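Heads up: the structure comes next, in structure tokens.
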Amino acid sequence: MPRKGTKTLQIEKDQYIRLPLEVLLRSCLRKLTQLKDKMRFIDFTRRLLELYRCRMARQGDALRKSFELLVPSSDPGKLELAAVVIQQEEDVFLEQLHQSLINANFKILSQTEYDDAIASEHTLALDLEMKKDKLDSGFIRRFVNHHDEDPIFAPAASINEHVLVYHRGVGLDKARGFFLMRKIDFLIGNIMSLVWRLLLLVLLLCQPWKWPSALRWLLAPSETEHEHVSQPHHRIVRKSLNDQLSASPFGYLFSTMELQEPTFREMIVIYRSKADVDATRPGCPVPVSVKSFKDIPRADFEIVLPAQEPTTRALDLAKLLAAVGVALATVAVKFVQIVDEEDDEDVEWEDQTFGEKLQDIMPLMVAMMTYIGKIVVQFRAQQKNYYNLMTEYLYTKTQDSGDGVRSALMESSIYQELKEAMLAYFFLWQSRGGLTMLELDEQVEAFLKALSDNVDFEVDDAVLKLVDDELVKVSGTQLTFDTPLRCVTISRAITDLQSKWNGYFDDPNQPCPYCPYVAHGGGSSFNPAGFDEGIESATPAN
């Protein structure tokens, strides 16, 4: 049972395997007793890695060209592209990037995650509002509409029509401190909310004709949303400042507090600014911004969204109202004093000329304008502090941008595909008699959980990759959880991978990242020594 002031979140398990390949490989090798089997499995893994790397070359090259056009690191120069061509390039770019993100086990931000993040607060302590009118959302909306029937986009948040947000991995962020200003902000906000409710109640009591509708609203049964979790999930405890203060205001008000919030381990944000649209020459595609972030608390995730502006918090509003109230009270008191002084001198205020009246109240007006100017300067300084806080926060959380995101994403896609296929083959190989899809899924997830990586293993995708490479045999044409699976022997698997690997170099028409450094002979196989020599000769001296 969760402690008072805490909330237990049911978070869907990720398919992202965060453990490095070396850790998984060593853990698999510990299960093998024969040295020969260990050497064979290492050979199998290395060959599978290089095979996947070659297959990703074509996709990576196409994505690289799209990035050069739409996410340029420098001025692309003068281009004369038709609007239709630019639109096609934008669609291809988003399709390729989306597929690479899915291969790397990223998920699009869901509406549930977005609503929970907006309604919660962690350490950022800022109320932010995204100015959608500052974004050019046409190409993103076109992409989302094209995937309207795609199940991946079924739970997508509405914000993805303006900015695409992908994430993977679940972490935990903890913070400890007194949080004095946030406690004051919480108390002032609650007091202002209470005053507003009392005011509404008084207005309601003064309008008897509205009592029946108000009574029906109070007696109406509350619509409690029952969350049905169909996907595998795990539980994480959230400790927010507001929840703890609401549960025990006097217990935490004068003591140190501990906050805890689940995080998105990695986030990638894709958007386009209208400022870039205005600055782009005709015939050139408008640049697209692609940024990645790390360890973003769910309750503070809106900080990574573009075109964000801080809004006034309860504490700032209270300061502003107090300053205005003091100014008005001061003006009223001074004005009364002036009138009283005029009465003592037996001079009627109404009988004075306009110049005399202006002379009397001019110092008061100057003082009032000075005070108002001070309030405005303080308010703008507070807004500037908010922007500085946002910049500092993003500086520590930003991971990469532009082409750096593409490079890291392609490498991550290769290793995610490899980890899935490697683990699926290993457990099928060790089962001897074969496994069903469900048994394989359970064994791999138990293995990863023992290594402190609690994930939802993508067993169907892993098996399909092995079936396509003829490393696993299945019974029937459709894959279900009851489908029996059986893998080929490790020796046969290594031989088949070697044949596929050589095919990338024997065929001059086969795209390969290493082909410029490899001499193609008539049917000759790949020569590692020649490859190394080619690399050395092609590498410039330091």
Side-chain angles (χ1 to χ4, degrees), residues 9 11 14 16 18-20 71 73 101 104-107 109 113-114 116-131 134-135 159 163-183 185 236-242 256-271 273 288-311 313 315-316 381-409 411-412:
L9 304 180
I11 298 178
D14 231 13
Y16 167 54
R18 63 177 180 84
L19 292 174
V71 194
S73 56
L101 288 164
N105 287 329
F106 277 86
K107 297 188 301 183
L109 184 75
E113 293 167 334
Y114 177 74
D116 176 68
I118 296 300
S120 305
E121 193 175 84
H122 187 47
T123 58
L124 185 59
L126 287 179
D127 292 335
L128 302 175
E129 180 182 1
M130 189 174 77
K131 300 297 183 180
K134 293 185 178 182
L135 298 175
I159 195 69
V163 49
L164 290 174
V165 182
Y166 294 83
H167 67 88
R168 71 176 184 182
V170 179
L172 198 63
D173 183 77
K174 294 183 178 181
R176 189 176 182 85
F178 196 74
F179 306 110
L180 176 60
M181 297 307 296
R182 290 191 57 190
K183 291 177 181 178
D185 189 31
I236 294 182
V237 175
R238 165 184 285 165
K239 300 178 182 179
S240 68
L241 183 139
N242 290 355
T256 302
M257 299 182 65
E258 182 182 87
L259 308 183
Q260 181 172 290
E261 179 71 18
T263 65
F264 298 112
R265 284 190 179 272
E266 295 180 53
M267 294 195 79
I268 291 182
V269 179
I270 307 163
Y271 65 95
S273 172
V288 177
S289 298
V290 182
K291 298 182 179 181
S292 64
F293 304 89
K294 61 180 180 180
D295 300 326
I296 302 295
R298 285 174 172 253
D300 295 339
F301 117 90
E302 62 268 26
I303 186 67
V304 305
L305 297 178
Q308 290 280 32
E309 292 186 3
T311 58
R313 297 177 62 87
L315 181 58
D316 300 327
Q382 185 62 47
Q383 292 295 106
K384 186 176 180 180
N385 290 336
Y386 286 157
Y387 280 112
N388 292 338
L389 178 61
M390 293 169 59
T391 302
E392 181 181 355
Y393 190 92
L394 286 176
Y395 180 78
T396 60
K397 298 295 184 180
T398 300
Q399 192 168 6
D400 219 326
S401 63
D403 195 61
V405 177
R406 178 201 62 81
S407 179
L409 178 61
E411 192 72 7
S412 178

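Only a predicted model underlies this, so the values are computations on that prediction, with no experimental measurement involved. We're numbering straight along the sequence, starting at 1.
One N or O on the side chain of Q308 and one on the backbone of E302 form a donor-acceptor pair closer than 3.5 Å. Side chain of S412 to backbone of A408: no donor-acceptor contact under 3.5 angstrom is found. Looking only at distances, a side-chain donor or acceptor of R168 sits under 3.5 Å from a matching main-chain atom of A104. For the pair N242 (side chain) and E121 (backbone), a donor-acceptor distance under 3.5 Å is absent.
Contact between F293 and V269 at its shortest, heavy atoms only, is CE1-CG2, 3.9 Å. Residues I11 and P262 approach most closely at CD1-CB, 3.7 Å, considering heavy atoms. Taking each heavy atom of L128 and P310 in turn, the nearest pair found is CD2-CA, 3.8 Å. The heavy-atom pair separating I296 from V304 by the smallest distance is CD1-CG1, 3.8 Å. Across T123 and A175, no two heavy atoms sit closer than the pair CG2-CB, 3.6 Å. Shown here for T263 and P297, the closest heavy-atom pair between the two residues is CG2-CA, 3.8 Å.
Distance check, rounded to the nearest 0.5 Å: CD of E266 to CZ of F106 gives 4.5 Å. In this structure, L124 CG and I303 CD1 are separated by 5.0 Å, a value rounded to the nearest 0.5 Å. Within the model, atoms OG of S407 and CG of D400 stand 8.0 Å from one another, a figure rounded to the nearest 0.5 Å.
There is a side-chain donor-acceptor pair under 3.5 Å between S120 and R238.
In this structure, H122 has no ring pair (Phe, Tyr, Trp, His ring centres under 6.0 Å) partners at least two apart in sequence or on a different chain.
Using cut-offs of 30° and 60° on the angle between ring planes, the pair F264 and H167 is tilted.
Cation-pi geometry between K183 and F178 is satisfied (NZ or CZ under 6.0 Å from the ring centre, within 45° of the ring normal).
Within a 6.0 Å radius of NZ in K107, more than 12 heavy atoms belonging to other residues, nucleotides or ligands are found.
Note on K397 versus E392: no salt bridge recorded, every NZ/NE/NH1/NH2 to OD/OE distance being 4.0 Å or above. Salt bridge annotation for E258-K239: present, with a cationic side-chain nitrogen under 4.0 angstrom from a carboxylate oxygen.
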